[in-house]
Amino acid sequence: MSTTTSHPHIPAITMPSFRAAIGTLRTWVQRARKRARDRDALALLSDRELRDFSADRWTIGQEVSKPFWRG
């Protein structure tokens with residue numbers, strides 16, 4: 001007989017690697033920059049140009065106010 005006490009198995013918590021975290025951060029920064037460029041480009045459009053693709057200032061404002069990860 002064994003004198004050791006058996007312990008329940010506790011699974012290890014998987015931690016994302018440093019490279020994966022850097023990759024995710026890089027993706028978020030790229031998305032934020034793209035969203036800012038798009039927002040600036042939309043701000044330069046006239047009301048007539050916005051109507052050409054069925055948009056107005058209010059709907060554009062609602063869209064660009066969303067967080068970049070939802071874009």
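Just so we're clear, the structure is a prediction, and the values are computed from it rather than from any experiment.
Here Asp47 pairs with Arg57 under the side chain to side chain donor-acceptor pair (under 3.5 Å) rule; sequence neighbours left out. Residues satisfying the salt bridge (charged side-chain N to carboxylate O under 4.0 Å, His left out) criterion with Arg37, sequence neighbours excluded, are absent altogether.
Under the 4.5 Å side-chain criterion, counting only non-hydrogen atoms from C-beta, Leu50 is in contact with Leu45.
Expressed to the nearest 0.5 Å, how far CZ of Arg19 lies from CZ of Arg26 amounts to 10.5 Å. Taken to the nearest 0.5 Å, the CD1 atom of Ile22 stands 11.0 Å off from the OG1 atom of Thr27.
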Q.
Using side-chain contact (heavy atoms from CB on, under 4.5 Å), reason through Arg35 and Glu63 one step at a time and then give a plain yes or no.
A. CA-CA 10 Å; Arg35 193 143 180 94; Glu63 182 63 28; 3.8 Å; yes
